Every structure is written in C-alpha cells, then in structure tokens.
Amino acid sequence: MGKSLFFISWALLCCCWTTQAEIFTSIGQMTDLIYTEKELVQSLREYIKAEESKLAAVKSWAKKLDALTRVSTSDPEGYLAHPVNAYKLMKRLNTEWSELESLVLQNPSDGFISNMSIHRQYFPDEEDETGAAKALMRLQDTYQLDSEAFSRGKLPGLHSNAFLTVDDCYDMGKTAYNDADYYHAVLWMQQSLKQLDAGEEAVVSKADILDYLSYSVYQMGDLPRAIELTRRLVAIEPGHQRAGGNLRYFERLLFKQLNELNQAYQPSSEEPIQLGTYSRPKDHLPEREAYEALCRGEGLQMNDKKRSRLFCRYQDGKRNPRLLLKPMKEEDEWDSPHIVRYLDVLSHEEIEKIKELAKPRLARATVRDPKTGVLTTANYRVSKSAWLEGEDDPVIERVNQRIEDITGLTVTTAELLQVANYGVGGQYEPHYDFSRKDEPDAFKRLGTGNRVATFLNYMSDVEAGGATVFPDFGAAIWPRKGTAVFWYNLFKSGEGDYRTRHAACPVLVGSKWVSNKWIHERGQEFRRPCGLTEVD
C-alpha cells in the first residue's frame, strides 16, 4: 500500500507542479496544496491503522505468553516433565520469540515517511510563510481591519471558522518584528496577549509576548506604555535577561525627556492598543492613502454630472464582419481618460481553457527595474503570470483575434497574452503600463514601440477586494467574470497619458484571474493616426 501510494503521489505532483517557491503568490497553485494535504492525511490514517494492527498483534502475543508463563512458573519441573511442554518451550524461544521480535521491529511509518519525503520538496518554505504573513498585514492596512477581525475570521461580508490562535498571532508579530516593522509587531503581539489573557491555551509564554511587545512599543515612541509593559514582564519573570536593563533604560530616557520639556510624569494610557493607536510609517508610495481608499470604495470621484456623460452601446468594430451579427456590449466606465468595459468577451469554457494552459507555466510576476532595465520580482507586485501564444491553442488565437476586432488595433505587434493569478493579498501597486521618458529602452528589444493600449480580461469574480483603481482621477473598476476593460496609455501624439497610472488592489477574499494584452505602437499608424496636438 505504501509503495502504491508513493507512486500515486509522484504522478499527481508531476501533473500539478513544475516549479517550487513563492507558492503564496498564486491562489491557483496553492489549491494544489489542499489536495496534497488531503492525501497526506489519508496516508497518516493508514499509518495509524497499521500501528494499531501491529499493537493488537503484540497485545495478543503478550496475553498468550502471560497465560503460559503463569502456568510454567507455578511448577517449572512439573511443567517441563511433560515432553510436549518441553518441546514447545524450545520452539517458542527459538522461533516464536524471534517472530515477535520481527513484529516489534516492523516500522509501519515507512509508507508515511516516503509520502512525506516526496511531498516535502513541494511544500511552502519560510519565504512563503513570511510572504503570506506580510500579505495579511497588507490587507489589514489597505482595508483598515484590526487584528481582532483577522484573528476571528471576520472579514467584510464573510464570517468563517478560520481563526488565528495565540501562537499564530505571536508568529505574525515576530515576522513583522524581524523585518523591523514595529507598527505591525505591536498590533499582532497585542492581539496575541489579548487572547492569552482571555484564557486561550498556547505554547508561547506571556513573558515572550511582553518582551517583543514592550520593545516594539518603545520603537513606536511610546515610552510610558513601554515602561508599563516591561514592568509586567519583570513581575512575571524577575530574572529575565533583558527586562531589567530595558526598564532602567526606558525610565532614564523618559525622565530625561520630561526634564527637557519641563513636564510631569503621566502614566501610560489604559486604553488597549488597537488599529489607530499609532500612525503607520510612511513608505515609498506617495499616493498610498488615496490608492488604499479607492480599494475600499472610498474617495471615488464619480458624481451625477460625470455619470450623465457615460453611456452603453453596441459596438461592431466599425462594421467588422465578425461583429456584425453579434456586436459587443460596450459600457463607459470613465469619460476622460476614456475607459470602457466590454461584456461577454470570454465564455466560461474559454476562461477554463486559458487557465488550464497557463497554470503549469505560472511563475512569479516581474517588473522592470527603471535603473537597470532588468526584470526582477518586487513586493509591490504579488502574483504569478504566464505568457500564452496563439500557436498554443486555437482558443488563444481566437481571443487575440477578438481583441483586434473589438479595438480596431492590430495585435501582430502586441505582446503575448499574459495570464495572471493573484495569491494571498495579491496586488500590483500603482504603476504605468507604458514606458516613460526616463526609461527609453524599456521595449527597445521588442522593436514595436511603446505600449499604446491595455486590454484587460477579468476571468473570475472576486468576493472582496481586487479592484483596478486609478488614483489620479479617483476611479475604481471591479472585476466581473467574462468582461474586459480597455484604455489607451498614450495620446495620439505618442506622449504618455500619466493619468492612466493604475493599480490592482489586494485581493481580500477570493482568487483573482486576469489576462491582458499590451498593444504596441507599431502597426497602428493608419488605425490610430497621430493627432494635431500633444494631448489629442
């Protein structure tokens, strides 16, 4: 059984996996782990059954031998006086005890260990665990969720039995702490302490939590609270190697500050630490607040006046023969820059085929380093992508032709169809699709000019999060399976339209699949002629 399960496991993994590492960046690939874990559970059950069978056999031996020795030891000579008993004693000690020894030495865990060994190489690694933890923190920030909500599985519009234990919260806090992210370390260590104080069982000790929490609070500049937490630590563990020294240092620092400001000592607030107690440190993204507000559906600049300029229509691609009998349904999403959504662009069957083709090829999505021009991974783009050619399958060729028919632009010089699947907290922070003047060689290798337009297919619905947002003018476009959105990245003059800076918001609940076609300038000279001004 162990051998057959081993080979089944190997066949399953060969079908489902091509690469390892960065599993957390794709929900699509993470689903394979669910089945892997189910198979391991089955293997574990078989191991337990084998151990129980072995133990039952040993118990049977023990019961039989116990009865024999009770009789034989009561009158050894009388027992051995019977020649049959003498023979059976020789036989037992020479043969049957050897059989029992072999039974005891049998290791029913071999099959389970073999399964574990073959699966382990495809397990998530430390990078995946850290990446998933940081993804939860990203979701926490973007959607303004406190640690309590996450810990209890209470996400917007979703209540589940997915919860975080004291130890889970502690590990989250430790991940942030090790990254010098004291803001999140405080939030998660506080949640861990709160659950521990409420009576939850845990492996981690209160002293360990207080140790990390007190120092993280100090790093956030809250000396009174750091002192109060360190005093609690000293009370629990007087001989703690750092607590005493930290307490004296914090107290000296606080009283020095108070003397300089000529202020009296005020005890720390008794209000529990929660989201909003401390300000989140600024980072590299100038429009962070506006971008995250749009992801939450806040700060949208849509109003009645603007809405009155938006229309829906049937679009036949300027009398394109393939669209005459069945024109596309086109809806305006925004007036300037003009963004449109097309309905029923991809069928369910086409979407499933595209996903089937892409899944074995998914690899961590990259971005172009503006300084070196080299493609590299980045924390601000968390997804996996694959590139599909028309020759890969008739469906891809058909989709490429459909995009050309709808837009009126040639896709001969376009990039391959890119398919992306977003993982835990998957996102792509604000970026431009076109190359700017400070990166003139971005698409030089392609020889097809800049990215004139973007055609983005939504291949799944998303329960929460995952919007495409445009911070410059306050628009948010929500994924709807089978639809596509289209916009121009360049003016007719070839100048970049900087208003099209956009982002893919973190996926809060669900799995987001998209595919996009980046259409380039070459070949569009007569399909989209140059305008009379720079911003036509």
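The first residue in the sequence is number 1, and the count goes up from there. What you are looking at is a predicted structure, and each value in this text was computed from that prediction instead of being measured.
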Whether Arg307 and Glu331 form a salt bridge (side-chain N of Lys/Arg under 4.0 Å from carboxylate O of Asp/Glu) is what I want to check. no

Show, in sequence, the C-alpha distance, side-chain angles and deciding distance for Asp141 and His184, and conclude whether the side chain to side chain donor-acceptor pair (under 3.5 Å) test is met. CA-CA 9 Å; Asp141 294 338; His184 289 107; 2.9 Å; yes

Spell out, as yes or no, whether a donor-acceptor pair under 3.5 Å connects the side chain of Glu404 to the backbone of Val411. yes

Under 3.5 Å: donor-acceptor pair, side chain of Glu201, backbone of Gly199: no

Roughly how far apart are Ser385 OG and Leu416 CG, rounded to 0.5 Å? 11.5 Å

Quick one: list whatever passes salt bridge (charged side-chain N to carboxylate O under 4.0 Å, His left out) with Glu37, sequence neighbours left out. none

Which residue pairs pass the salt bridge (charged side-chain N to carboxylate O under 4.0 Å, His left out) test when at least one of the two sits in residues 506-517, sequence neighbours left out? none

With sequence neighbours excluded, residues passing ring pair (Phe, Tyr, Trp, His ring centres under 6.0 Å) with His502: His431, Phe470, Trp487

Test item: side-chain donor near acceptor, Gln140 and Ser147, under 3.5 Å: yes

Any idea which heavy atoms bring Tyr215 and Phe250 closest together, and the distance? CD1-CZ, 4.3 Å

For Tyr498, side-chain contact (heavy atoms from CB on, under 4.5 Å) partners two or more places apart: Tyr432, Phe434, Arg436

Are any side-chain N or O atoms of Asn450 and backbone N or O atoms of Val452, one a donor and one an acceptor, separated by less than 3.5 Å? no

Backbone N or O of Ser435 within a donor-acceptor pair of the Arg451 side chain at under 3.5 Å? no

Got a sec: does the NZ of Lys329 have more than 12 other heavy atoms crowding it under 6.0 Å? no

Ile396 backbone acceptor or donor facing Asp393 side chain under 3.5 Å: no

In chain order, what residues pass the salt bridge (charged side-chain N to carboxylate O under 4.0 Å, His left out) check against Lys38, with sequence neighbours excluded? none

Do Asn246 side-chain atoms and Ala243 backbone N/O form a donor-acceptor pair below 3.5 Å? no

Arg231/Glu251 salt bridge by N-O under 4.0 Å criterion: yes

Using the side-chain hydrogen bond (donor to acceptor under 3.5 Å, both in side chains) criterion, which residues pair with Asp472? Sequence neighbours excluded. none

Please evaluate residues Thr407 and Ile519 with respect to the criterion side-chain contact (heavy atoms from CB on, under 4.5 Å), reporting the C-alpha separation (whole Å), side-chain torsions for both, the decisive distance (0.1 Å), and the verdict. CA-CA 10 Å; Thr407 63; Ile519 302 171; 4.2 Å; yes

Non-neighbouring partners of Asn303 that pass side-chain hydrogen bond (donor to acceptor under 3.5 Å, both in side chains), sequence neighbours left out: none

Without hydrogens or angle criteria, can the side chains of Asp222 and Tyr278 be said to hold a donor-acceptor pair below 3.5 Å? yes

Among residues at least two apart in sequence or on other chains, which ones pass ring pair (Phe, Tyr, Trp, His ring centres under 6.0 Å) with Tyr177? Tyr182, Tyr212

Using 30° and 60° as the class limits, which term best fits the ring planes of His520 and Phe443: parallel, tilted or perpendicular? perpendicular

One should read off an interatomic distance between Asp392 CG and Ile354 CD1, to the nearest 0.5 angstrom, of 11.0 Å

So that I can tick it off, tell me whether Glu350 and Arg402 are bridged by a salt bridge, with the cut-off set at under 4.0 angstrom between side-chain N and carboxylate O. yes

Thinking salt bridges, do Asp332 and Arg341 make one under a 4.0 Å N-O criterion? no

Please work out which of the three classes, parallel, tilted or perpendicular, describes the rings of Trp188 and Phe150, given edges at 30° and 60°. tilted

Any idea which heavy atoms bring Asp461 and Lys481 closest together, and the distance? OD1-N, 2.8 Å

If you round to the nearest 0.5 Å, how far is NZ of Lys353 from OG of Ser347? 12.5 Å

Kindly determine whether Ser383 and Asn421 satisfy side chain to side chain donor-acceptor pair (under 3.5 Å), including the steps that lead there. CA-CA 6 Å; Ser383 65; Asn421 178 226; over 6 Å; no

Using 0.5 Å steps for rounding, measure from the CG atom of Asp211 to the CD1 atom of Ile236. 11.0 Å

Going by salt bridge (charged side-chain N to carboxylate O under 4.0 Å, His left out), name the residues that satisfy it together with Glu521, two or more places apart in sequence or in a different chain. none

Verify whether one side chain among Thr500 and Asp433 offers a donor that lies under 3.5 Å from an acceptor in the other. no

Take atom CD in Gln257; do more than 12 heavy atoms of anything else shown fall under 6.0 Å from it? yes

With sequence neighbours excluded, residues passing disulfide (SG to SG under 2.5 Å) with Cys295: Cys505

Calculate, to the nearest 0.5 Å, the distance between atoms CD and CD belonging to Gln191 and Gln195 respectively. 4.5 Å

Between Ser336 and Arg309, do the side chains contain an N or O donor and an N or O acceptor separated by less than 3.5 Å? no

Are any side-chain N or O atoms of Thr142 and backbone N or O atoms of Leu139, one a donor and one an acceptor, separated by less than 3.5 Å? no

Donor-acceptor pair, distance only, cut-off 3.5 Å: does the side chain of Asp146 make one with the backbone of Ala149? yes

Mark yes or no for whether Thr130, through its side chain, and Glu127, through its backbone, hold a donor-acceptor pair below 3.5 Å. no

Tell me, with the steps shown, if Leu285 and Tyr291 meet side-chain contact (heavy atoms from CB on, under 4.5 Å). CA-CA 9 Å; Leu285 197 61; Tyr291 152 57; 3.9 Å; yes

The criterion is salt bridge (charged side-chain N to carboxylate O under 4.0 Å, His left out); which residues satisfy it with Lys194, sequence neighbours excluded? Glu148

Of the non-hydrogen atoms in Ser214 and Ala226, which two are nearest, and what is the gap between them? O-CB, 3.6 Å

Is a side-chain N or O of Asn457 found less than 3.5 angstrom from the main chain of Val514, in a donor-acceptor match? no

Hey, could you give me the CG/OG1 distance between Leu223 and Thr230, rounded to the nearest 0.5 Å? 9.5 Å

Please report the closest heavy-atom contact between Glu463 and Gly510, naming both atoms and the distance. OE1-CA, 3.1 Å

Could you check whether atom CD of Glu129 has more than 12 heavy atoms from other residues, nucleotides or ligands sitting under 6.0 Å from it? no

Could you go through Asp335 and Arg499, starting from their C-alpha distance and side-chain angles, then the distance that decides it, and tell me whether this counts as salt bridge (charged side-chain N to carboxylate O under 4.0 Å, His left out)? CA-CA 12 Å; Asp335 59 340; Arg499 297 172 300 172; over 6 Å; no

Closest non-hydrogen contact found for Ser460 with Pro479 is O-CB, 3.9 Å

Ring pair (Phe, Tyr, Trp, His ring centres under 6.0 Å) partners for Tyr143, two or more places apart: none

Looking at every non-hydrogen atom in both residues, tell me the closest pair between Val419 and Leu362 and how far apart they are. O-CD2, 4.2 Å

